[in-house]
Amino acid sequence: MTDRSEGTTPEAPRRAPVVTATDAVAADDWREAVRAAAAALVAAGAAGEGYPEACVRVVEENGPYIVLTKGLALVHARPEEGGLAVGVGVTRLASPVEFGHPDNDPVDLLLAFCTPDPDVHVGTLSALARALSGGLADRLRGASGERDLARVLKEAVPDA
């Protein structure tokens, strides 16, 4: 028997994020790279069909601020633009692309994420930031193939 106070509802169990990994992705420019990274979330069922274009618009409207550090971009859009579930993905490019960032170009590694609501969005962003400050980018670059990329990302953000 469980003990619940009257008038309260049990908290929904937190689900682990959907994790995707793609390796050696060919992209001619940053738009193709962003679309590829976001499309992996769509393919995994974490984002809606329009999410890749929403992610491209983020950069078109705000510039290359998503290029957080040398060679790494954080691909995302607002939850209402297609986040169906918590999803995180890594895309490693076959050849780096330029985003137009003055210090951190070219980009060879893209982390993409989506969430269904703003609160989860902030939490997922925080989890990714902690993982990046703990050396996630270097571990991803050192991974050998998609399985290893997915394993490293899952370990870094097990419950985003």
Side-chain angles (χ1 to χ4, degrees), residues 9-69 71-101 104 106-132 136-137 140 143 145-160:
T9 58
E11 190 174 305
R14 182 136 184 170
R15 293 181 53 199
V18 174
V19 175
T20 68
T22 52
D23 194 15
V25 173
D28 289 334
D29 59 25
W30 70 263
R31 285 177 178 84
E32 283 186 18
V34 166
R35 285 183 187 112
L41 296 173
V42 174
E49 291 294 324
Y51 198 69
E53 289 308 314
C55 292
V56 168
R57 278 193 309 276
V58 165
V59 181
E60 289 174 343
E61 293 171 4
N62 301 300
Y65 82 96
I66 70 167
V67 183
L68 300 182
T69 187
L72 182 131
L74 185 61
V75 174
H76 64 284
R78 292 190 319 264
E80 62 272 16
E81 294 187 279
L84 304 176
V86 177
V88 293
V90 58
T91 299
R92 193 162 50 183
L93 299 177
S95 298
V97 297
E98 299 282 331
F99 273 72
H101 194 282
N104 295 328
V107 169
D108 65 325
L109 197 60
L110 296 97
L111 289 176
F113 80 97
C114 62
T115 63
D117 68 66
D119 291 336
V120 176
H121 188 87
V122 171
T124 302
L125 185 56
S126 295
L128 286 168
R130 280 190 306 276
L132 286 168
L136 175 60
L140 290 169
E146 289 181 2
R147 274 194 167 149
D148 202 27
L149 281 166
R151 179 192 57 77
V152 169
L153 188 55
K154 274 184 191 175
E155 288 173 359
V157 288
D159 58 359

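The first residue of the sequence shown is numbered 1, and numbering continues consecutively from there.
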- Looking only at heavy atoms, what is the nearest atom pair of A137 and L72, with distance? CB-CD1, 3.8 Å
- Between A27 and A33, which heavy-atom pair has the shortest distance, and what is it? CB-N, 3.6 Å
- Please tell me if the side chains of V18 and L41 come closer than 4.5 Å, counting only heavy atoms from C-beta onward. no
- Message: If we ignore hydrogens and angles and just use 3.5 Å, is the side chain of R92 paired with the main-chain N or O of L149 as donor and acceptor?
- Response: no
- Query: Under 4.5 Å between any side-chain heavy atoms of D23 and D148, yes or no?
  - Reply: no
- Query: Do L111 and L136 come within less than 4.5 Å of each other through their side chains, counting heavy atoms only?
  - Reply: yes
- Query: Is a salt bridge present between R57 and E53, judged by a nitrogen-to-oxygen distance below 4.0 Å?
  - Reply: no
- Item | Non-neighbouring partners of Y51 that pass ring pair (Phe, Tyr, Trp, His ring centres under 6.0 Å), sequence neighbours left out | none
- Smallest heavy-atom separation, A38 atom then P52 atom, equals CB-CA, 3.5 Å
- Residue pair W30 / V56, side-chain heavy-atom distance below 4.5 Å: yes
- Query: Atom OG1 of T115 and atom CZ of R78: how far apart are they, to the nearest 0.5 Å?
  - Reply: 12.0 Å
- Item | Distance in Å, S126 OG paired with H121 NE2, rounded so as to fall on 0.5 Å steps | 10.0 Å
- When rounded to the nearest 0.5 angstrom, what is the spacing between CG in L109 and CG in L74? 10.5 Å
- Query: Listed by chain and number, what are the salt bridge (Lys or Arg N to Asp or Glu O under 4.0 Å) partners of E146, not counting sequence neighbours?
  - Reply: none
- Task: Identify the heavy atoms of A40 and T22 that sit nearest to each other, and give their distance.
- Result: CB-CG2, 4.3 Å
- d(E49 CD, L84 CG) to nearest 0.5 Å is 9.5 Å
- Message: Tell me the closest heavy-atom pair linking G87 and A46, and the distance in Å.
- Response: CA-CB, 4.0 Å
- Message: Are E32 and D29 packed together at the side-chain level, in the sense that at least one heavy-atom pair is separated by less than 4.5 angstrom?
- Response: yes
- Item | Note, F99 side chain near N104 side chain (heavy atom, < 4.5 Å) | no
- Could you list all the salt bridge (charged side-chain N to carboxylate O under 4.0 Å, His left out) pairs where at least one residue sits in residues 109-127, not counting sequence neighbours? none
- Heavy atoms of L93 and V107 approach each other most closely as CD1-O, 3.4 Å
- Query: Quick one: NE2 on H76 to OG1 on T124, what's the gap to the nearest 0.5 Å?
  - Reply: 11.5 Å
- Is the closest side-chain heavy-atom distance between P79 and V120 below 4.5 Å? no
- Side-chain touch L132/T69, heavy atoms, less than 4.5 angstrom: no
